[in-house]
Chemist: 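Please find one structure pasted underneath; my questions will follow.
Worth knowing before you read on, the calculation uses all heavy atoms, side chains too, and leaves out hydrogens, waters and symmetry mates. Within every chain, numbering begins at 1; the chains are lettered A, B, ... in the order of the sequence lines, protein sequences first and strands thereafter.
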Amino acid sequence: MKKKFAEEIKIISAPIDRVLPVSFYDRDTRIVASELLGHILVNSNSEGMTSGIIVETEAYLQNDPACHAARGMTKRNRAMFGPPGCAYIYFIYGMYYCFNVVTREQGVGEAVLIRALEPIGGIELMKKRRGRDKLTELCRGPGRLVQAMGIDKNQNGQDLTGNELFVCAADEGGHNIVNTTRVGISEGKELPLRFYIAGNPNVSKR
DNA sequence: GTCCTGATCCTCT
DNA sequence: GAGGATCAGGACG
């Protein structure tokens, strides 16, 4: 029991020193989407800390019909036009939230949707929030990972380089990235803007 | 004001 | 594989 706790702290605390800087997000959205794979998303709140390796992302570009920002800024998508390295969280299908990271300079409405994570920290808390025990059922899918991580709509627009909700660099590289078309959209579905880590069981759809 | 749509997930068949 | 749950935002009148 004690050993397990120590391991968890080690996993989480090591990368906190290396939170990805704003400059990481202030680049081409497709590059950010592919390079986010393998890094670690962390959320910390009063319930505890949860974290997971990003294994699946999708890029949404401003001139792309599937992107919320394609028709200009509205109250809903305002966070997407904010500075790079912020969160864009929106409500979908009456029941779920999706979590995005904002890219490019302020005023450009582009973002990367985080579609799936591999749970690594706070797994018991994730199981409790999701009401499921199986690891791959915790963060496989955008709505699921938001629920498991305890991400809240009030975190919309929040700075991802702070100490509550952030992404930190992981050492491991060498994974094979698959670049394919996006999921669940009608327009722009032919564009290869989805990225995932080949063979990872937490990827939502293959 | 009303109506329709949707970057999803779960359950049942 | 199909269909239902459930509601905010946007389009339209």
Chemist: Can you give the donor-acceptor pairs under 3.5 Å from side chains of residues 88-101 of chain A to other protein atoms, not counting sequence neighbours?
Modeler:
| from | atom 1 | to | atom 2 | distance (Å) |
| --- | --- | --- | --- | --- |
| A/Tyr88 | OH | A/His68 | ND1 | 2.8 |
| A/Asn100 | ND2 | A/Tyr88 | O | 3.2 |

Chemist: Show each protein N/O and nucleotides 8-13 of chain C N/O combination with a separation under 3.5 Å, one pair to a line.
Modeler:
| from | atom 1 | to | atom 2 | distance (Å) |
| --- | --- | --- | --- | --- |
| C/dG10 | OP1 | A/Thr74 | OG1 | 2.2 |

Chemist: Determine, step by step, whether A/Lys127 and A/Asp133 satisfy the side-chain contact (heavy atoms from CB on, under 4.5 Å) criterion, reporting the C-alpha distance in whole Å, the side-chain angles of both residues, the deciding distance to 0.1 Å, and the verdict.
Modeler: CA-CA 6 Å; A/Lys127 286 180 179 176; A/Asp133 269 344; 3.6 Å; yes
Chemist: Do any pairs count as a salt bridge (Lys or Arg N to Asp or Glu O under 4.0 Å) and have a residue in residues 74-102 of chain A, sequence neighbours left out, and if so which ones?
Modeler: none
Chemist: Which parts of residues 141-151 of chain A get close to DNA chain B, meaning a heavy atom less than 4.0 angstrom away?
Modeler: A/Gly141, A/Pro142, A/Gly143, A/Arg144
Chemist: Runs of at least three consecutive Watson-Crick or G-U pairs, both distances under 3.5 Å, are what I'm after; which ones involve DNA chain C?
Modeler: B:1-6 with C:7-12, B:8-12 with C:1-5
Chemist: Quick check: does any side chain N or O of A/Thr103 sit under 3.5 Å from a backbone N or O of A/Thr29, one acting as donor and the other as acceptor?
Modeler: no
Chemist: List the residues meeting side-chain contact (heavy atoms from CB on, under 4.5 Å) with A/Ala198, not counting sequence neighbours, and say none if there are none.
Modeler: A/Asn176, A/Val178
Chemist: Indicate yes or no: at least one non-hydrogen side-chain atom of A/Val32 is less than 4.5 angstrom from one of A/Phe24.
Modeler: yes
Chemist: Apply side-chain contact (heavy atoms from CB on, under 4.5 Å) to residues A/Ile40 and A/Cys168 and explain how you reach the verdict.
Modeler: CA-CA 5 Å; A/Ile40 299 166; A/Cys168 46; 4.0 Å; yes
Chemist: Assess the side chains of A/Arg130 and A/Gln147: does a donor N or O sit below 3.5 Å from an acceptor N or O?
Modeler: yes
Chemist: By the 4.0 Å heavy-atom rule, please label A/Met80 as base, sugar-phosphate, or nothing.
Modeler: base
Chemist: Determine whether a donor-acceptor pair (N or O, by modelled atom type, separation under 3.5 Å) exists between the side chain of A/Glu110 and the backbone of A/Gln62.
Modeler: yes
Chemist: Which parts of residues 93-117 of chain A get close to DNA chain C, meaning a heavy atom less than 4.0 angstrom away?
Modeler: A/Tyr93, A/Gly94, A/Met95
Chemist: Would A/Val203 and A/Leu36 show up in the same hydrophobic cluster when neighbours are defined by side-chain heavy atoms closer than 4.5 Å?
Modeler: yes
Chemist: Measure from the side-chain N and O atoms of A/Thr57 to the backbone N and O of A/Val112, and report whether any donor-acceptor pair falls under 3.5 Å.
Modeler: no
Chemist: Would you call A/Arg140 and A/Glu56 a salt bridge, using N to O less than 4.0 angstrom?
Modeler: no
Chemist: Is the side chain of A/Glu58 donor-acceptor paired with the backbone N or O of A/Val183 at a distance under 3.5 Å, no angle test?
Modeler: yes
Chemist: Near DNA chain C, which residues from residues 63-70 of chain A have a heavy atom under 4.0 Å away?
Modeler: none
Chemist: Mind checking side-chain contact (heavy atoms from CB on, under 4.5 Å) for A/Gln158 and listing every partner two or more places apart, or none if nothing turns up?
Modeler: A/Gln155, A/Glu164, A/Leu165
Chemist: What's the spacing between A/Met126 CE and A/Leu117 CG if we round to 0.5 Å?
Modeler: 6.5 Å
Chemist: Suppose we screen for salt bridge (Lys or Arg N to Asp or Glu O under 4.0 Å). Which residues come up paired with A/Asp28, at least two apart in sequence or across chains?
Modeler: A/Arg30
Chemist: Which nucleotide span of DNA chain B, 5' end to 3' end, has atoms closer than 4.0 Å to non-hydrogen atoms of chain A?
Modeler: B/dG6 to B/dT11
Chemist: Looking at residues at least two apart in the chain, or sitting in another chain, which of them share a salt bridge (Lys or Arg N to Asp or Glu O under 4.0 Å) with A/Asp64?
Modeler: A/Arg182
